[in-house]
Number of protein chains: 2
Amino acid sequence: MENTSKTLDIKKATVKSFDNFFKSAFTVDNIIFGFDEADLKVLLIKRGEVPFENQWALPGNFVHQHENLDAAAGRVLDELTGLKKVYLEQVRTFGRVNRHPFGRVITVAYYSLIKISDYRLHASSIAQEVAWFSVEEVKELNLPFDHAEIFAACFNQLRLNIKRQPVGFELLPPKFTLTKLQHLYEAILEEKLDKRNFRKKILSMDLLIDLNELQAGVAHRPAKLFKFDPDRYKSLYEEEGFHFDISPTKNKKK
Amino acid sequence: MENTSKTLDIKKATVKSFDNFFKSAFTVDNIIFGFDEADLKVLLIKRGEVPFENQWALPGNFVHQHENLDAAAGRVLDELTGLKKVYLEQVRTFGRVNRHPFGRVITVAYYSLIKISDYRLHASSIAQEVAWFSVEEVKELNLPFDHAEIFAACFNQLRLNIKRQPVGFELLPPKFTLTKLQHLYEAILEEKLDKRNFRKKILSMDLLIDLNELQAGVAHRPAKLFKFDPDRYKSLYEEEGFHFDISPTKNKKK
DNA sequence: AGAATTAGTGTAAAAAGTACACTTTGTTAA
DNA sequence: TTAACAAAGTGTACTTTTTACACTAATTCT
């Protein structure tokens with residue numbers, strides 16, 4: 001192969017010009033959702049650094065040179081909560097030229113769904129303090145950078161997603177009651193659902209396993225516990241024509 | 001304000017450390033869709049540069065320092081077709097560490113919808129040649145980098161989108177027949193639809209204006225021409241509870 | 001004038017979505 | 001022990017949406 005070195009020369013020359021292209025800092029932001037009894041919550045950090053030091057903001061961090069984007073988003077979560085394997089979804093990339101006061105920073109937004117009972121919060125290099133806020137509180141907070149826009153996009157994406165994918169279970173403990181599940185949907189969709197219609201629909205999908213166990217420690221009739229069956233979902237998903245879909249089950253009372 | 005300079009010092013120091021973070025080259029790729037009589041087509045370029053010189057690939061380019069992401073995607077399209085105002089949608093960001101052989105390059109994927117009659121193709125700095133390929137051809141082509149994955153994600157996104165947003169009209173000339181519209185949906189959804197059900201559904205949405213004009217130059221009964229009414233759509237969209245939705249209108253013949 | 005080609009149209013049956021209220025089962029406190 | 005409390009659990013009738021399906025109408029071409 002006598003032209004190998006020639007090819008390498010071309011490559012080297014091109015790599016050089018390639019190196020001359022503008023490069024940008026880039027980050028991931030991770031909107032971490034948890035569900036706590038009745039409320040959908042979001043994890044915010046109190047920033048430990050300028051700009052916007054001491055303000056509540058979305059957790060995020062720079063992406064490392066040899067790190068994939070998903071891994072970076074996972075790392076942000078791990079640093080704050082110690083959780084490693086979680087549901088993670090990329091939402092959109094925000095790159096407005098002046099979105100960061102110190103220079104061009106492009107950020108890839110993710111959301112995560114975690115079981116709120118599992119976590120323990122940590123302060124970290126980027127966060128003086130970490131706390132849960134309800135979705136309503138977050139909306140009213142004046143988040144720095146374009147974080148309000150990022151939050152809105154992620155929440156919206158979650159709402160679309162929960163209707164068409166069985167992702168809600170990521171927010172619940174392994175065993176849950178149908179009422180808890182309904183409350184979760186109501187919190188995310190921000191509307192009341194009809195109890196009987198909701199149960200009819202979710203049970204007819206044949207994705208929940210009745211554990212023949214009752215809720216304990218409540219001062220009223222205990223509810224049955226169910227778990228989600230991911231294998232069953234996978235096999236149904238293979239079938240042509242199966243769609244997870246919680247759209248209607250409406251309730252006239254606004 | 002005697003502490004201004006102090007603040008600036010802090011900022012300067014922080015900006016300095018900020019500058020030390022790893023920075024990446026980043027690009028946009030733009031999957032340009034057009035609809036040509038019966039087929040959904042995609043615009044590919046023959047690369048004019050290493051790596052993968054002379055191979056067909058998705059059009060893309062580096063994002064400039066002072067350029068927003070959407071603007072960069074628009075510029076790619078403009079360079080290839082001369083079109084400036086088009087429907088553009090961000091899909092997802094691809095940043096696998098080794099997706100580019102010359103170094104870390106993160107790319108934001110977009111798709112565009114254009115009226116195929118409007119364009120004229122240009123070669124450009126990045127493209128020796130530009131040509132339309134049908135979706136099937138693209139799937140069979142062995143696209144370089146992770147372009148096959150990017151294409152699949154964009155096509156999939158378009159399919160989801162066309163069901164729930166009235167974006168199909170971006171691919172058609174201002175005046176079109178119902179049959180053309182149906183063919184467009186069939187091409188994107190990759191399934192046959194029932195003529196009567198399709199018409200019933202689309203007309204019941206009250207988004208099309210009957211132009212009281214007939215198709216010309218066909219060797220059979222001419223069809224009526226319609227146009228899409230974007231203002232009507234906007235006002236319906238404001239109304240609680242209106243959803244554009246072309247889901248079913250199925251046809252048993254597979 | 002007849003053949004060819006696509007446009008255009010309605011109805012009935014099935015499936016899905018919606019509204020709605022009372023009984024059951026357990027705990028707690030009198 | 002019993003009554004009050006609280007949430008669990010359950011079925012049906014009505015409405016709306018979806019689906020399947022086949023013939024007639026309008027135009028051009030030969």
Side-chain angles (χ1 to χ4, degrees), chain A residues 37-38 163-164 172 175-186 189 191-227 239-254, chain B residues 37-38 163-164 172 175-186 189 191-206 208-227 240-254:
Chain A
E37 296 301 311
K163 287 189 188 174
R164 317 205 186 290
L172 292 174
K175 301 175 177 186
F176 50 83
T177 67
L178 293 180
T179 301
K180 279 275 156 54
L181 185 62
Q182 183 180 339
H183 288 338
L184 171 62
Y185 273 87
E186 289 175 340
L189 297 176
E191 60 179 325
K192 283 258 174 274
L193 303 176
D194 180 88
K195 182 156 83 168
R196 280 183 286 194
N197 294 340
F198 178 79
R199 283 163 185 242
K200 199 188 312 174
K201 184 145 209 177
I202 199 93
L203 288 174
S204 74
M205 287 182 187
D206 212 19
L207 292 172
L208 298 186
I209 297 176
D210 182 343
L211 292 166
N212 289 312
E213 250 182 277
L214 295 179
Q215 197 182 22
V218 287
H220 53 77
R221 178 175 177 178
K224 292 207 273 187
L225 292 171
F226 290 82
K227 70 168 184 169
E239 282 176 31
E240 180 75 34
F242 174 81
H243 295 295
F244 182 91
D245 185 359
I246 298 267
S247 25
T249 64
K250 268 184 202 161
N251 186 316
K252 59 156 195 285
K253 298 150 201 156
K254 298 199 172 181
Chain B
E37 295 302 310
K163 286 188 186 174
R164 317 204 187 289
L172 292 173
K175 300 175 178 187
F176 51 83
T177 67
L178 293 180
T179 301
K180 279 273 157 54
L181 185 63
Q182 183 180 339
H183 288 337
L184 170 62
Y185 273 87
E186 291 176 339
L189 297 176
E191 60 178 326
K192 282 258 174 276
L193 303 176
D194 180 87
K195 181 156 86 167
R196 280 183 286 194
N197 293 339
F198 179 80
R199 284 164 183 239
K200 200 189 310 175
K201 184 146 209 175
I202 199 93
L203 289 174
S204 73
M205 287 184 187
D206 213 17
L208 298 185
I209 296 174
D210 183 343
L211 292 166
N212 289 312
E213 250 180 276
L214 296 179
Q215 195 182 23
V218 286
H220 54 74
R221 177 175 177 179
K224 292 206 274 187
L225 292 172
F226 290 81
K227 69 168 184 169
E240 180 76 33
F242 174 80
H243 294 295
F244 182 90
D245 185 0
I246 299 265
S247 24
T249 65
K250 268 184 201 160
N251 187 315
K252 61 155 193 286
K253 297 149 203 158
K254 298 200 173 180

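Chain identifiers are assigned alphabetically (A, B, ...) following the order of the sequence lines, protein sequences preceding nucleic acid strands; residue numbering begins at 1 within each chain. All values derive from a computational prediction rather than experimental measurement.
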Close N or O pairs between protein and nucleotides 28-30 of chain C (under 3.5 Å):
none

Strictly under 3.5 Å: I want the nitrogen or oxygen pairs between protein and nucleotides 21-24 of chain C, one per line.
from	atom 1	to	atom 2	distance (Å)
C/dA21	N1	A/Arg196	NH1	3.2
C/dT24	O2	A/Arg221	NH1	2.6

| remark: Rounded to the nearest 0.5 Å, the OH atom of B/Tyr185 sits from the CD1 atom of B/Ile246 at a distance of 4.5 Å
| said: Distance check, rounded to the nearest 0.5 Å: A/His183 atom NE2 versus A/Phe198 atom CZ? | reply: 10.0 Å
| request: For B/Thr177, answer base if it contacts any base atom (sugar-phosphate contacts may also be present), sugar-phosphate if it contacts only those atoms, and nothing otherwise; contact means non-hydrogen atoms under 4.0 Å. | output: nothing
| query | At under 4.0 Å between heavy atoms, what does A/Leu178 touch on the DNA or RNA strands: base, sugar-phosphate, or nothing? | reply | nothing
Rounded distance (Å) that lies between atom [atom2] of [N] and atom [atom1] of [X]:
{"X": "A/Phe226", "N": "D/dA8", "atom1": "CZ", "atom2": "P", "result": "12 Å"}
{"X": "B/Arg199", "N": "D/dT18", "atom1": "CZ", "atom2": "P", "result": "19 Å"}
{"X": "B/Glu213", "N": "C/dA7", "atom1": "CD", "atom2": "P", "result": "17 Å"}
{"X": "B/Leu181", "N": "C/dA7", "atom1": "CG", "atom2": "C1'", "result": "15 Å"}
{"X": "A/Phe198", "N": "C/dA19", "atom1": "CZ", "atom2": "C1'", "result": "18 Å"}
{"X": "B/Asp194", "N": "D/dA22", "atom1": "CG", "atom2": "P", "result": "11 Å"}
{"X": "B/Lys224", "N": "D/dT27", "atom1": "NZ", "atom2": "P", "result": "12 Å"}
{"X": "A/Leu214", "N": "D/dA8", "atom1": "CG", "atom2": "C1'", "result": "10 Å"}

Are [X] and [Y] packed together at the side-chain level, in the sense that at least one heavy-atom pair is separated by less than 4.5 angstrom?
{"X": "A/Ile202", "Y": "A/Gln182", "value": "no"}
{"X": "B/Leu214", "Y": "B/Lys224", "value": "yes"}
{"X": "A/Arg196", "Y": "A/Lys200", "value": "no"}

| said: Restricting to non-hydrogen atoms, name the atom on B/Leu225 and the atom on B/Thr177 that form the minimum distance, rounded to 0.1 Å. | reply: CD2-CG2, 3.8 Å
| field | Residues A/Asp245, A/Arg164: salt bridge by 4.0 Å N-O rule | value | yes
| said: I want to confirm an ordering. Mapping A/Asn197 and B/Leu225 to their closest nucleotides on DNA chain C, which one lands closer to the 5' end? | reply: B/Leu225
| task | Begin from the C-alpha positions of A/Leu208 and A/Phe176 and carry the test side-chain contact (heavy atoms from CB on, under 4.5 Å) through to its verdict. | result | CA-CA 10 Å; A/Leu208 298 186; A/Phe176 50 83; 4.0 Å; yes
| field | Under-4.0 Å side-chain N/O to phosphate OP1/OP2 contact, A/Lys200 with D/dG11 | value | no
| request: Using side chain to side chain donor-acceptor pair (under 3.5 Å) as the criterion, list what pairs up with A/Gln215, not counting sequence neighbours. | output: none
